[in-house]
2 protein chains.
Amino acid sequence: MNTVMAIQKVADEVVIEKLMEIFRSVGYDGASMTELAAATGVKKGSLYHRYPGGKQAMAYAVLDHIADLNNSAMIKVFFSSEPADDRLSMALRSIYDFYDGGKLACVLRALSHGADAGLFRNQIAAIFQNCVNGFMHLAADFGHDMNTSIRLAESTMTRIQGSLILAQTFQKPDLFQATLNEVRVEFHKRI
Amino acid sequence: MNTVMAIQKVADEVVIEKLMEIFRSVGYDGASMTELAAATGVKKGSLYHRYPGGKQAMAYAVLDHIADLNNSAMIKVFFSSEPADDRLSMALRSIYDFYDGGKLACVLRALSHGADAGLFRNQIAAIFQNCVNGFMHLAADFGHDMNTSIRLAESTMTRIQGSLILAQTFQKPDLFQATLNEVRVEFHKRI
DNA sequence: GTCTATAGCTAGATAGAC
DNA sequence: GTCTATCTAGCTATAGAC
């Protein structure tokens, strides 16, 4: 081909990150194409070229991106040969960082409300499930029995999500950090 | 006065309940005036007569309504002379009912996202704080020391909110019920 | 692949008759 | 206090030049 394509000015990954940022802070319905275009630095028309499915496709892409990030993190928790305690620390650390210490809302939660929320539920559930599975295996590595591991994993996800809500409504990120510490303690409790 | 006012066709309380229902299921930005009018059975023009402040005013009214409900429930937890254990059961029971056993999302959470979310944060925080205070006093009545009571109260709210999220994304209301049970156990743990 | 311009529609909100 | 009719602004999405 000797056709010269116009250069992509903003990398796909950068666009995704910006889209995620907006969806996270104002939700799906709250995010307008105008705002998304402004935030990404990509004009509306170009955004539609990248995501022919429009806003929905952008949300899907963001969720795919998060699923990838999540998988990478979870693979470390699963298959690393490091001690279970170190892997727990890594997992909690990456969660801590992902939410900027409790200052950021959860994109998954932001996308789980709204008129078209049903469209994203399966993707969101899959990511949550992936996390639950990771924590479950980790709990087993800590020596907990299966039922305890399941309950502990679900409880961990429950507390993370819940504490993010409280941390943001009270504007006290500490509540998030405190919850992560409590989770840590729970894992170490003897059976 | 001999002026005859036109009759109010739908009671204010009924309207509030319907508004709450819509905000809860689709969020603030996701709720259109057309939808709100249809759900309440009150035409747009009439809705604006009742709430001159428009959609924002409706959200405020819903939050005020919830604050009232919450206060009534909390007063029972505070000032009733019944045993602490019975009051805990009452509190958990009313929470269970309010969320229809985990099948309903939390309106407060639904209103805490979106472009104008900041407008509602103080009202939402006040309601959450009211709950935390109630559970804190209750924990004290259970014999827990102050620090434990605070942590337990915050942890309770954290778990309730978090488990609602998981219950809805996984469409497993049981997770909510299970969490309420766990909370109950925590309160009974000896110091 | 970039962009501008605009179509087509629905949003929230208002005016005014009854 | 009810309603219908309507306004304007903003929305998502598209068309087509470069």
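In this text, all values refer to a predicted model and were calculated from it rather than measured experimentally. Chain letters run A, B, ... following the sequence lines, proteins first, then strands; residues in each count from 1.
- When the P atom of C:dT10 is taken as reference, atom CG of A:Asp116 falls 14 Å away, rounded to whole Å.
- As rounded to whole Å, 19 Å separates atom P of C:dA11 from atom CD of A:Glu35.
- Rounded to whole Å, atom C1' of C:dA11 lies 12 Å from atom OH of B:Tyr28.
- Side-chain nitrogen and oxygen atoms of B:Tyr48 include at least one within less than 4.0 Å of the OP1 or OP2 phosphate oxygen of C:dA13.
- Ring geometry, B:Phe176 versus B:Tyr96: the interplanar angle falls under 30°, so the pair is classed parallel (tilted spans 30 to 60°).
- Here the CD1 atom belonging to B:Ile75 is positioned 12.0 Å from the OG atom belonging to B:Ser80, to the nearest 0.5 angstrom.
- The pair B:Asp85-B:Arg184 counts as a salt bridge, with a side-chain nitrogen and a carboxylate oxygen less than 4.0 angstrom apart.
- Atom pair B:Gln56:CD and C:dA11:P shows a separation of 18 Å (rounding to whole Å applied).
- Rounded to whole Å, atom C1' of D:dC11 lies 12 Å from atom CG of A:Leu36.
- A salt bridge is defined here as a Lys NZ or Arg NE, NH1 or NH2 lying under 4.0 Å from an Asp or Glu carboxylate O, and B:Glu182 with A:Arg151 meets this definition.
- Between the CD1 atom of B:Ile160 and the OG1 atom of B:Thr179 there is a distance of 9.0 Å, given to the nearest 0.5 Å.
- Look at B:Thr34 and you won't find any side-chain N or O under 4.0 angstrom from OP1 or OP2 of C:dT10.
- Electrostatic pairing of B:Asp116 and B:Arg121 does not count as a salt bridge here, judged by no charged N lying under 4.0 Å from a carboxylate O.
- Separating the CG atom of A:Leu19 from the P atom of D:dT12 is a distance of 13 Å, rounded to the nearest angstrom.
- Cation-pi geometry between A:Arg159 and A:Phe187 is not met at under 6.0 angstrom from the ring centre and within 45 degrees of the axis.
- There is a side-chain donor-acceptor pair under 3.5 Å between B:His65 and B:Glu17.
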Per-nucleotide protein contact string for nucleotides 2-9 of chain C, where B marks a base within reach and S marks sugar-phosphate only (heavy atoms under 4.0 Å, - for neither): BBB-----
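- Salt-bridge annotation for B:Glu186 and B:Lys189: present, with a side-chain N of the basic residue lying under 4.0 Å from a carboxylate O of the acidic one.
- As judged by a 4.0 angstrom heavy-atom cut-off over every strand, A:Ala37 is placed among residues making no nucleic acid contact.
- Rounded to whole angstrom, the span from the CE atom of A:Met33 across to the P atom of D:dT14 amounts to 11 Å.
- Rounded to 10°, the helix from C:dG1-D:dC18 to C:dC18-D:dG1 has 0° between the axis fitted to its first five pairs and the one fitted to its last five.
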